[in-house]
Amino acid sequence: MRRRYAASLAVCGVLAVGACSGLSTSAAIQPGLEVGSVQENEVRVEVNPVAPGSSQQQVVQGFIKAAAASDDQYQAARSYLGSGPRGAWRPYSSVVVFGSDSDLTFTSGANNTVTAVANAVARIDGTGRYEELPPNSKVQVTFGLDRSSGEWRISALPDTFGTWLSQADLDRLYDPFRIYYVSAGDHRLVPDIRWLPLGTGLATRLARSLLAGVPDYLKGAVRTDIPAGTQLAVDAVTVDSGTAKVDLAATRLGNDPGQRQNLGAQFLATVTQAPGVERVALRLEGADLQMPNGDSTVESLSALGFAAPSDPVVKPLLRVGTLLVPVNPDDVGDSVERTAPPESATLPVVQPGWAYLAMSRNGQEIAAVGGDRAQLVRWRGTTQVQLTSPGTRLTPPTYDREDVLWVAGRSGAATKVWTVNAAADPGDATKVSPHVVAADWLADRSVLSLRLSPDGQRVAVITTNRDGKDPRVDIAGVVRQPNGLPASLAEPLRLAPTLTLARDLVWVDDATMAVLGRLTSSQVVRPWLVPVGGSIAAGPEIAGAQAITTVNGERGLVVTTDKHQVFIRAGSRWQRVGEGTDLLVAAR
């Protein structure tokens, strides 16, 4: 799998347009390759060891290039190192990604040193976390050299130096993989994305990534039922006839059947991304680790209680003037005349003063904010059930899959996030009053858009500073109370730092968002696919784009423009749906 995020945007562009329009929310999406759907390296790259008589600069240049070889042991690269660095160098400790060889410069310095500078586009840390870097980022490393048997060798390099790879070499040697944790609220798996080297030992690297524990931005929102401090009892995960054998050393693994089910699900979903792995056999220090059903080999998530939940099928609603018109998902991309619903319909008439409409997961409730962005209203059917003023500069509201309504805005000088329990009796003011979700990191920012992930355990937020500059796209785990209502947001993980404008966003799957924005002021706003880990990828331009949602993942992106026109993506272009100010999709 190579550059899955970039390639997936272009899939429809090479097909007939008719095959990409009229998208359905019920039809299964068939992407070319998913995260973790790994193929063996088609291209093997071998490099020569250090040549006799190499100069200091040639040694450093050769060392950096040799790290791009398809050799798991890095024998050629180690030939450029002296005896000390040869054993201490850890190539997987970090990766700096640059565009091409022209982005590297080498300068000789005093005391037998060579300084290498890279125009870097990304960095991957020792845990596999991919960080896209702002434009014109430079990374600099100075190497010390000494003669050994008359030949120059690298004698000193920083402990933090791992490898420098071109974008092309990264695509060949690494792939993004999902590391799975358990939702704190229910039996759902929540992924984090890590970039790991391909080749021998991938199953081991996946298992070790899982053993490292929950990342900071998900703490409190997910859990791992693998006890802290658990390690592999043997050095590697072996694979035999499709079974990955994972032998654990854990001191506090109890007999709780729920814990064992969750642990088994985490390892199964994570490790089976390695090629040839179909099931996982779990052992505890050499003895079979049995699941509640008595098996120690796990090969089905549904058998562990992790069957995919089914959501109600709710038709999108197109707002035309004051009316909400149901739209068959199969017809969203068709230019058909939109007719008003019959008089017996249970949809409210939305007066012009209300904007930014949202629909609950089951389609039974609609929310909007006032034109002055200082009021929040809810309807059930045709009846208005709540009108409240939690703050000012309110964002477009959104519902999560737990029937919680979210909105952000300003309260005095501070930015706040509020939630409303939309499942409670609207007549009980104590249960439906807006509740503040603690998020100190938002206090000095202005929120433009926020959306909940499909699992409800993460929120994606677009913010600017108080002057409307310095746009940020962040995601953070949602820490919920025992009753399922949100209590706080974890510390954020920043994504897409290269965007200089970000206007709206939507989750297109459990690890990717589409963000309306641009890289430079000369560009037209367009959707950008923003993965939880990886580089962003551009979608087709659309002038005047103001809001974005989806009826079917990234292939069913829908954009509303400042001319009150609604468009659906049709491959590399946009197809007009019709006039309207909003397209409401359940829990988006």
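What you find for Ala67 and Leu173 is that their closest heavy atoms are O-CD1, 4.3 Å. Across all their heavy atoms, Leu282 and Gly264 have their closest contact at CD1-CA, 3.9 Å.
Within the model, atoms CZ of Arg129 and CG of Leu493 stand 5.5 Å from one another, a figure rounded to the nearest 0.5 Å.
Of the N and O atoms on the side chains of Ser166 and Asp169, at least one donor lies less than 3.5 Å from an acceptor on the other residue. For the residue pair Thr463/Arg445, the side-chain donor-acceptor check at 3.5 Å is satisfied. If you check the side chains of Thr297 and Asp295, you find no donor sitting under 3.5 Å from an acceptor. Checked by atom type, the side-chain pair Gln57/Ser108 shows a donor-acceptor distance below 3.5 Å. For Ser94 and Asp125, the side-chain atoms include no donor-acceptor pair closer than 3.5 Å.
Look at Arg90 and Asp159 and you find no salt bridge, because none of the NZ, NE, NH1 or NH2 atoms lies under 4.0 Å from a carboxylate O. We find that Arg188 and Asp455 are not joined by a salt bridge, their nearest charged nitrogen and carboxylate oxygen being 4.0 Å or further apart. Under 4.0 Å is where a charged nitrogen must lie from a carboxylate oxygen, and between Asp235 and Arg208 at least one such pair does. Here Arg223 pairs with Asp225 in a salt bridge; the nearest charged N to carboxylate O distance falls below 4.0 Å. One finds no salt bridge joining Arg472 and Asp470 here, because no Lys/Arg side-chain nitrogen approaches an Asp/Glu carboxylate oxygen to under 4.0 Å. One finds a salt bridge joining Arg178 and Asp510 here, because a Lys/Arg side-chain nitrogen approaches an Asp/Glu carboxylate oxygen to under 4.0 Å.
Annotation: side-chain contact (heavy atoms from CB on, under 4.5 Å) contacts of Thr160 (sequence neighbours excluded): Pro158.
In summary, the aromatic rings of Trp89 and Tyr74 are positioned with their centroids under 6.0 Å apart. Annotation: Tyr180 is not in aromatic contact with Phe267 [ring centroid separation under 6.0 Å not met]. Between Phe63 and Trp164, the ring center distance fails the sub-6.0 Å criterion.
Aromatic ring orientation, Tyr174 versus Tyr92: perpendicular (interplanar angle above 60°, classes split at 30° and 60°).
Among residues at least two apart or in separate chains, side chain to side chain donor-acceptor pair (under 3.5 Å) pairs with a member in residues 115-124 are Thr115-Thr142, Asn119-Lys138.
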